[in-house]
**Q** 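Please see the structure below; I have some questions.
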Amino acid sequence: MEKTIPITIDGKSVEASPGQTILDVAKGQGIFIPSLCYYPGTAKVGACRVCVVEVEGARSLVASCAMPVSPGMVVRTDTEKVRAAQRMIVEFIWASGDHNCLTCERNGACELQDLVYRLGLDKPRFDIDSPGYEPETSNTMIARDLNKCILCGRCIRACNEIQVNEILDFSCRGSRAKVGPAFDTDYIDSNCYFCGECVDACPVGAITFKQARFKGRPWETTKVKTTCTYCGVGCQLDLNVHDGKIIKVTGNRDYGQPNMGSLCAKGRFGLDFINHPSRLKTPLIRKTKGGELQEATWDEALDFVADKLKAIKAENGPDSIAGLSSARCTNEENYLFQKFLRAVVGTNNVDHCARL
């Protein structure tokens, strides 16, 4: 049986597991501690200091996301000293960037915006001083506005520790510190794979989906869980739908295996074909060699294929027919396909594109 660690948090005695941080324990007890740089599954860096709490015996406030629990620890999360420090830190972050919610794509789904409201801040006590960076719009998939970046480092850890692409890192120092690829290049001129992991990780509007710009606010979109069909892994994702159109694709870490919320460039950004005017929406049949393709119903198309297969089998035997299935289909559909060829047509000439 695993040993537990007794601690007291906000006057409540709880048992923590070895390796847990104060923030982990608080979340398990339903106690709210604000945080911005914390990102599950990545290194605990304590960069933003928004999650500070009082620990009895400590010389100063400690970052709860990076502080492991120890036996007998007494923690207070909601004292005036703690709240004053959290307000100060959030005000510093607010004043150091261009956090204009009117045109921001993350308005309504921004963690900084939520904290400002929850902490009851009308405006920062400091003058707002935006760095003045030019927004990056040089590619068709990801837009970056470093004037909104809060230097939490979540995108860096998502890129380097989750996707292991190692494209992003901090550069410069002090008030000129920023995040980006090596040599301060744009995404399009770097070795970026455009997986979009950094976009999902960003808690503010510094990194957003360019395709979704002005297509719908977060509260106007409906998220529909589905399975990516670009390969046979079966990645789970959310389609963000507004006015009957998919405006963007996001990962969801709560769905777990097989992808734990991560996606590739195709699964994330390969959605333009859905509403493309050239997309086929009905079966087409060419009834005579060299003839024109004509629209047909699914029943007509399936009957046409069945009649042709029967004729070929009758004339040349079942082994004159072969089938190649697709990794974009589900396992069940691929099983039915091979069963159809083996049991109905009577041939073992079946293969799969992922094996070739």
Side-chain angles (χ1 to χ4, degrees), residues 34-45 47-48 50-51 65 89-90 93-94 96-101 103-116 130-131 133-171 177-181 186-188 190 192-218 221 223 237-238 240 247-254 260-265 267-269:
S35 64
L36 287 172
C37 71
Y38 172 74
Y39 200 59
T42 65
K44 301 172 176 64
V45 295
C48 70
V50 174
C51 68
C65 72
I89 293 164
V90 172
I93 295 172
W94 186 357
S96 65
D98 176 24
H99 300 290
N100 179 6
C101 300
T103 58
C104 182
E105 283 296 306
R106 290 297 298 268
N107 184 16
C110 171
E111 294 180 32
L112 178 61
Q113 185 185 63
D114 291 343
L115 276 185
V116 167
S130 174
Y133 297 118
E134 283 295 321
E136 180 185 320
T137 58
S138 54
N139 67 81
T140 60
M141 292 170 279
I142 297 175
R144 290 200 308 153
D145 185 355
L146 295 182
N147 299 300
K148 299 183 185 299
C149 179
I150 62 173
L151 300 174
C152 64
R154 278 165 51 164
C155 59
I156 296 174
R157 282 173 280 135
C159 179
N160 298 345
E161 298 177 28
I162 296 177
Q163 287 285 354
V164 201
N165 291 332
E166 299 185 335
I167 304 299
L168 300 178
D169 209 338
F170 289 110
S171 62
K178 57 182 176 178
V179 173
D186 288 356
Y187 272 23
I188 196 66
S190 72
C192 178
Y193 293 87
F194 288 96
C195 64
E197 192 81 29
C198 57
V199 188
D200 275 348
C202 183
V204 292
I207 313 177
T208 55
F209 294 104
K210 190 174 180 181
Q211 294 166 312
R213 180 72 169 157
F214 297 130
K215 298 291 179 62
R217 292 293 200 183
T221 61
K223 291 191 175 183
L237 52 83
D238 281 331
N240 293 249
I247 61 173
K248 63 181 177 182
V249 173
T250 51
N252 192 322
R253 306 177 92 196
D254 292 336
M260 301 299 293
S262 297
L263 297 168
C264 70
R268 178 90 64 182
F269 297 107

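Keep in mind that this is a model prediction, so the values were computed, not measured.
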**Q** I'd like to know if the side chain of Gln163 reaches the main chain of Ala158, judged simply by a donor and an acceptor atom lying under 3.5 Å from each other, with no hydrogens or angles considered.
**A** no

**Q** State the CG-NZ distance between Asn147 and Lys178, to the nearest 0.5 angstrom.
**A** 10.0 Å

**Q** Please step through side chain to side chain contact (heavy atoms under 4.5 Å, CB included) for the pair Ser35 and Val50, ending with a clear verdict.
**A** CA-CA 5 Å; Ser35 64; Val50 174; 5.7 Å; no

**Q** Enter the distance from Phe194:CZ to Cys264:SG here, rounded to the nearest 0.5 Å.
**A** 14.0 Å

**Q** Examine distances only and state if a side-chain atom of Asn107 and a backbone atom of Cys101 form a donor-acceptor pair shorter than 3.5 Å.
**A** yes

**Q** Is a side-chain donor or acceptor of Glu111 paired with a backbone partner of Val204 at a separation under 3.5 angstrom?
**A** no

**Q** Does any part of the side chain of Cys48, heavy atoms only, come nearer than 4.5 Å to the side chain of Ile150, both counted from C-beta?
**A** no

**Q** Looking at Thr208 and Gly205, would you say the former's side chain and the latter's main chain have a donor-acceptor pair under 3.5 Å?
**A** no

**Q** Among all residues two or more places apart in sequence or in another chain, which pass the salt bridge (Lys or Arg N to Asp or Glu O under 4.0 Å) test with Lys210?
**A** none

**Q** List for me each residue that meets side chain to side chain donor-acceptor pair (under 3.5 Å) alongside Asn139, sequence neighbours excluded, and say none if there are none.
**A** none

**Q** What heavy-atom pair brings His99 and Ile93 nearest, and what distance separates the two atoms?
**A** NE2-O, 3.4 Å

**Q** Is the backbone of Ala201 close enough, under 3.5 Å, to the side chain of Arg154 for a donor and an acceptor to pair up by distance?
**A** yes

**Q** Identify the residue among Lys248, Arg213, Lys215 that makes a salt bridge (Lys or Arg N to Asp or Glu O under 4.0 Å) with Glu105.
**A** Arg213

**Q** The criterion is side chain to side chain donor-acceptor pair (under 3.5 Å); which residues satisfy it with Asn165, sequence neighbours excluded?
**A** none

**Q** Start with the C-alpha gap between Ile207 and Tyr187, add the side-chain angles, then the distance that decides, and say whether side chain to side chain contact (heavy atoms under 4.5 Å, CB included) holds.
**A** CA-CA 11 Å; Ile207 313 177; Tyr187 272 23; 4.1 Å; yes

**Q** Taking all atoms of both residues into account, what is the closest heavy-atom pair of Pro131 and Gly97, and its distance?
**A** CD-CA, 4.2 Å

**Q** So do Cys65 and Tyr39 actually touch side chain to side chain, heavy atoms under 4.5 Å?
**A** no

**Q** Take Asn240 and Thr250, measure what side chain to side chain contact (heavy atoms under 4.5 Å, CB included) needs, and give me the verdict at the end.
**A** CA-CA 7 Å; Asn240 293 249; Thr250 51; 3.0 Å; yes

**Q** If you look at every heavy atom in Ile142 and Cys198, which pair is closest and at what distance?
**A** CD1-SG, 4.3 Å

**Q** SG/Cys104 to CD/Gln113 distance, rounded to the nearest 0.5 angstrom?
**A** 8.0 Å

**Q** Between Asp169 and Pro181 (side chain of the first, backbone of the second, donor and acceptor by atom type, cut-off under 3.5 Å), is there such a pair?
**A** no

**Q** Applying ring-ring contact (aromatic ring centres under 6.0 Å, His included), name anything that partners Phe209, two or more places apart in sequence or on another chain.
**A** Phe269

**Q** Using a 3.5 Å distance criterion without hydrogens, assess whether the side chain of Arg157 forms a donor-acceptor pair with backbone atoms of Lys44.
**A** no

**Q** State, yes or no, whether a side-chain contact exists between Cys110 and Pro203 at a heavy-atom distance under 4.5 Å.
**A** no

**Q** Would you compute the distance between atom SG of Cys192 and atom CG of Leu168 and round it to the nearest 0.5 angstrom?
**A** 7.0 Å

**Q** If you look only at pairs with a residue in residues 137-148, which of them pass as a salt bridge (Lys or Arg N to Asp or Glu O under 4.0 Å), with sequence neighbours excluded?
**A** Glu136-Arg144

**Q** Considering all heavy atoms of both residues, which atom of Gly267 and which atom of Val249 are nearest to each other, and what is their separation?
**A** O-CG1, 3.5 Å

**Q** Evaluate the criterion side chain to side chain contact (heavy atoms under 4.5 Å, CB included) for residue pair Val179 and Cys155; output intermediate values, then yes/no.
**A** CA-CA 9 Å; Val179 173; Cys155 59; 3.6 Å; yes

**Q** Would you call Asp200-Arg268 a salt bridge at under 4.0 Å N-O?
**A** yes

**Q** Mind checking side chain to side chain donor-acceptor pair (under 3.5 Å) for Arg106 and listing every partner two or more places apart, or none if nothing turns up?
**A** none

**Q** Rounded to the nearest 0.5 Å, how far does CG of Leu151 lie from CG of Leu146?
**A** 9.0 Å

**Q** Do the non-hydrogen side-chain atoms of Asn252 and Leu237 ever get within less than 4.5 Å of each other?
**A** no

**Q** State the CD1-OG1 distance between Ile188 and Thr140, to the nearest 0.5 angstrom.
**A** 7.0 Å

**Q** Would Ser262 and Glu197 count as a side-chain hydrogen bond (donor to acceptor under 3.5 Å, both in side chains) if you check the C-alpha gap in whole Å, the side-chain angles of each, and the deciding distance to 0.1 Å?
**A** CA-CA 6 Å; Ser262 297; Glu197 192 81 29; 2.9 Å; yes

**Q** Considering residues, nucleotides and ligands other than Phe170, do more than 12 of their heavy atoms fall under 6.0 Å from its CZ?
**A** yes

